[in-house]
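We count residues from 1, following the sequence as given. Just so it is clear, the values below take in all heavy atoms, side chains as well, and ignore hydrogens, waters and symmetry mates.
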Amino acid sequence: MPAFPWKYQLSDHSCAIEAGDLLNKYTNCPGTPLQIEAVTDSTLRIHARTQKSFAVETAPSSTGTLQLVEAASGDSAETSVLVLATDSLRITIDDALHLQISSSDGTVLCSDYTGPLQEAESLTEEEIEQMRQEGHVVHAGDDACRFQITKKLFGDEAFYGLGDKTGFLNKIGYDYTMWNTDNPDPHVENPTFKALYKSIPFFIALRNDCVYGIFFDNHFKTNFDMGYSSTDYYSFGAADGELDYYFFYGDTIADIISQYTALTGRCPLPQLWTLGYHQSRWGYSSQQEVLDLAQNFIDNDLPCDVIHMDIDYMDNYKVFTVDKNRFPDLTALSDILHQKGIRLVTIIDPGTKVENGYHMYEEGIKNNYFAQTPDGEVYENVVWPGDSVFPDYTSSIVRNWWGSQTKFLLDQGISGIWNDMNEPASFRGPLPDDVVFPGDDMPRQHKEVHNVFGHLMAKATYEGIKKNSGKRPFVITRACYSGTQKYSTAWTGDNQSIWAHLKLSIPQLLNLGMSGMPFVGTDIGGFGSNTNPELLSRWIQASCFAPLFRNHCAKFSRCQEPWQFDKQTLDIYRTYVRLRYRFIPYLYDLFYEESRTGMPIIRPLVMHYQNDPEVRECNDEYLVGDRILVAPVTDQGVHVKVVYLPEGTWIDYWTKERISGGKYILRDAPIDVCPIYIKGDSIIPAWPQLDHIPDGGSEELILEYYPASADSSKYVHYQDNGADFAYEAGEYNLYRFRADKDGELSVSMEHEGYEHHYETLRVEVY
């Protein structure tokens, strides 16, 4: 047997491989051994990392057992093979450090690719420059990967995840860059739109006989070529940093998401009111305008729980200030709105105005809280306030300082904070790569911090609100990284009032959910451009069950509150907002499930029917949990919808017609109808008609029961005070409901720790 070109050391949970030039090229980390760890028997970590992760805040304690199976010659006398195994996986490593991961039954899951690559380096510098001048994205020079992992394509893959990138649900054949980017141009299915506001370097690979996931935990600029360059392989690589990726294996897509979110964190239970309707605009520019807005919701019989205030409420766009001319008494405004059942959320940007006498600037300068030039001067750029500086959120001291400022807003009745412009965005060109963030004890350059800047801002905000209010924080962010779901909800950014963006919103939200970000939404109606009655009607229908339910638009566009249009549009809007409010207890149950398992709230059909080839590419339908199927119309002028119903019995929500699934149907869908179907034998909790979400929820619970084939059905329902963290100490109720076809209801308690119980329970059989 030939000598191994490297040596290895095996412990109970890991294998360290040391080598010379070959390993250094593979890891881009000279002198650092390659580590293969069995985090669990189905989760592997392959890394050469020395620095702390921002996404995985607590280093996983390895519980899997890694055993040496074989250390012997390979297929020829010139190769050597090392074989390791857990109870679920088998890892083969050859003498060129090519990895192959198989299941315990021998199915090859994922294998390093060993053939020729399509490389930009094969182009001359002149050819690369010509392509860039024409607008092509070429990963070469400064944009080239310093190291890259290349995996074989078997030909039957579908890829999901990667956050809210453009394109269809299945990411096969796409090429993406993880570099948080504020680009106001319309984001459509276009090869040049490789980067958006978020960087979530996690994907799920579904094959005919297996499913796995990979999380590439590198927050420098990274590239994901999902079969774009070749049908033979896919790859992921980084411009800098260290090799660190996790491999997840399971039987289902849900298994992969559960393992990934166990590692990076799960969205905690939100406050109940956050699941209601949110109204926003850039900008509601005076106290009276906000009061008039709230009254319009009441006058038009429209439920509303939240009004968002954009940058116009601030004094010259200075964060943690209020313009006393436009908003003379923010506390009184908050109190009046709260009496109407409406809460206020205010925007905060990271760009801090350069102004002597301004407390945020002076405190930050005094304590060295801002990013610096390589020469040690405070770095300045231009954002909304004009000349601005940027907090160093990599420092826990700065995060605590920033979080403490939330008290100023909370004391005036503000209920949540909306973080924007945190890619970070700037008007005088992007922050240079060599801008320095000093941190607590480890200075980092902007090229390393960029993709986690928004993540760390969200963390600072979340922790500040939690400390200063004792409530479950409501934070919304535009930019994020893996793990941000622990701290913030998110929206997809500055979309446009165009049909393409309505269509795009469904795969965006579904892929965000599969990427561990469950509390997400889009700007209903579109942020930029002018919406119209048909587009707004179809958008509110499509977004009816989106976890974050917000209408938002820009000041230079048409106002898009529903009463700004005709009576038909207002009536349609009201119907679907009220439908949303009816099913809030079901949505809250799904958030409870998510907090325990990582399962998203809205899901692609492939999550529950992954062996059905018809749903792998289903871009215009989604499931709410596993019981409600929504098939919105997303094309102008369409009044008949082609709907795919997977196996089982489905009940048309509007007509109560029962339909056998496993086929396509044509559903009439006039402008006031969004096709919605309920899975047979489902129990779904609902509330009576409400105009806002009361503290603690409704006093009455309705159970909608849709019998089909079973004699009876079961459902477990969660209840708590919907506001604080008392549930962590056991102050919650878990009801187990059982209903038969006659509507007879039996109730038992799986857990009883919350003193409030429903005054009324009733079953409605359909």
Side-chain angles (χ1 to χ4, degrees), residues 309-331 346-414 417-432 434-446 449-450 453-454 456-469 475:
M309 296 200 302
D310 212 311
I311 56 177
D312 294 315
Y313 82 93
M314 290 185 270
D315 176 16
N316 292 312
Y317 309 129
K318 292 183 290 188
V319 294
F320 301 111
T321 68
V322 176
D323 185 331
K324 291 298 184 180
N325 293 319
R326 294 180 173 186
F327 293 87
D329 194 338
L330 189 58
T331 302
T346 50
I347 200 169
I348 288 289
D349 295 341
T352 303
K353 185 174 178 60
V354 175
E355 180 179 283
N356 292 329
Y358 170 37
H359 75 284
M360 290 294 293
Y361 176 70
E362 290 199 339
E363 287 178 30
I365 291 294
K366 177 182 178 181
N367 294 290
N368 298 315
Y369 286 166
F370 299 122
Q372 301 172 357
T373 69
D375 296 330
E377 301 296 323
V378 174
Y379 174 77
E380 295 184 11
N381 205 311
V382 175
V383 204
W384 294 115
D387 290 342
S388 301
V389 290
F390 298 84
D392 175 17
Y393 298 121
T394 68
S395 164
S396 61
I397 296 171
V398 176
R399 290 198 303 272
N400 290 337
W401 169 68
W402 188 268
S404 71
Q405 305 302 316
T406 62
K407 189 175 188 300
F408 168 78
L409 295 171
L410 296 172
D411 286 350
Q412 297 178 82
I414 299 305
I417 290 179
W418 158 25
N419 288 340
D420 198 9
M421 304 292 287
N422 55 350
E423 290 72 33
S426 50
F427 298 162
R428 196 170 59 204
L431 275 64
D434 61 358
V435 165
V436 177
F437 292 80
D440 290 327
D441 54 11
M442 179 182 292
R444 293 179 172 88
Q445 292 185 320
H446 175 246
V449 173
H450 180 88
F453 186 87
L456 295 172
M457 182 185 184
K459 180 178 181 178
T461 307
Y462 177 93
E463 291 176 343
I465 294 176
K466 183 177 181 179
K467 179 179 179 180
N468 289 317
S469 73
V475 182

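Contact between Phe437 and Ala371 at its shortest, heavy atoms only, is CE2-CB, 3.7 Å. In terms of heavy-atom proximity, Ile347 sits nearest to Ile311 at CG2-N, 3.5 Å. The nearest pair of heavy atoms linking Leu431 to Pro424 is CD2-CG, 4.0 Å. Minimum heavy-atom separation, Tyr313 to Thr321: CE1-O, 3.6 Å. Here the closest non-hydrogen pair linking Val436 and Pro374 is CG2-CA, 4.2 Å. Contact record, Asp323 with Asn325: OD1-N, 2.9 Å, taken as the closest heavy-atom pair.
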Applying salt bridge (Lys or Arg N to Asp or Glu O under 4.0 Å), run through Arg326 and Asp312 and close with a yes or a no.
CA-CA 9 Å; Arg326 294 180 173 186; Asp312 294 315; 3.6 Å; yes
What do the steps show when you test Met314 against Val319 for side chain to side chain contact (heavy atoms under 4.5 Å, CB included), and what is the final call?
CA-CA 7 Å; Met314 290 185 270; Val319 294; 4.3 Å; yes
Under the criterion side chain to side chain contact (heavy atoms under 4.5 Å, CB included), I'd like the reasoning laid out for Thr352 against Tyr369: C-alpha separation, chi angles, the key distance, then a yes or no.
CA-CA 11 Å; Thr352 303; Tyr369 286 166; over 6 Å; no
Gln412 and Val322: CA distance, side-chain angles, deciding distance, side chain to side chain contact (heavy atoms under 4.5 Å, CB included) verdict:
CA-CA 10 Å; Gln412 297 178 82; Val322 176; 4.3 Å; yes
Is there a side chain to side chain contact (heavy atoms under 4.5 Å, CB included) between Arg399 and Leu456 once you walk through the steps?
CA-CA 8 Å; Arg399 290 198 303 272; Leu456 295 172; 4.2 Å; yes
Give the intermediate values and the outcome of side-chain hydrogen bond (donor to acceptor under 3.5 Å, both in side chains) for residues Tyr358 and Asn356.
CA-CA 6 Å; Tyr358 170 37; Asn356 292 329; over 6 Å; no
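A donor-acceptor pair under 3.5 Å links the side-chain atoms of Arg428 to the main chain of Glu380, judged by distance alone. In terms of modelled atom types and a separation under 3.5 Å, the side chain of Thr373 and the main chain of Asp375 share a donor-acceptor contact. A donor-acceptor pair under 3.5 Å links the side-chain atoms of Asn381 to the main chain of Gly429, judged by distance alone.
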Kindly list each side-chain donor-acceptor pair under 3.5 angstrom involving residues 359-367, sequence neighbours excluded, with atom names and distances?
| from | atom 1 | to | atom 2 | distance (Å) |
| --- | --- | --- | --- | --- |
| Glu362 | OE2 | Gly357 | N | 2.7 |
| Glu363 | OE1 | Trp401 | NE1 | 2.8 |
| Asn367 | ND2 | Glu363 | O | 2.8 |

Using atom types as modelled, flag every donor-acceptor pair under 3.5 Å from a side chain in residues 459-467 to any protein atom, sequence neighbours excluded.
| from | atom 1 | to | atom 2 | distance (Å) |
| --- | --- | --- | --- | --- |
| Lys459 | NZ | Glu57 | OE1 | 3.4 |
| Thr461 | OG1 | Asn419 | ND2 | 3.2 |
| Thr461 | OG1 | Met457 | O | 2.8 |

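Between His446 and Phe453 there is no side-chain heavy-atom pair separated by less than 4.5 Å. Counting heavy atoms from C-beta on, the side chains of Phe390 and Val383 come closer than 4.5 Å.
Annotation: ring pair (Phe, Tyr, Trp, His ring centres under 6.0 Å) contacts of Phe427 (sequence neighbours excluded): Trp384. Residues that satisfy the side chain to side chain contact (heavy atoms under 4.5 Å, CB included) test with Asp329, not counting sequence neighbours, are Gln287, Thr331, Ala332. Evaluation of the ring pair (Phe, Tyr, Trp, His ring centres under 6.0 Å) rule for Phe320 yields Trp402 as partners, not counting sequence neighbours.
With Ile348 as reference, Leu409 is the one residue of Leu409, Asp420, Asn422 to meet the side-chain contact (heavy atoms from CB on, under 4.5 Å) rule.
Salt bridge annotation for Lys353-Asp387: absent, with no cationic side-chain nitrogen under 4.0 angstrom from a carboxylate oxygen.
Atom OG of Ser426 sits about 8.0 Å away from atom CE of Met421, to the nearest 0.5 Å. With rounding to the nearest 0.5 Å, the separation of CG in Leu410 from OG1 in Thr346 is 8.5 Å.
For residues 388-397, every residue pair satisfying the side chain to side chain donor-acceptor pair (under 3.5 Å) rule, not counting sequence neighbours, is listed here: Asp392-Thr394, Ser395-Asp440, Ser396-Asp440.
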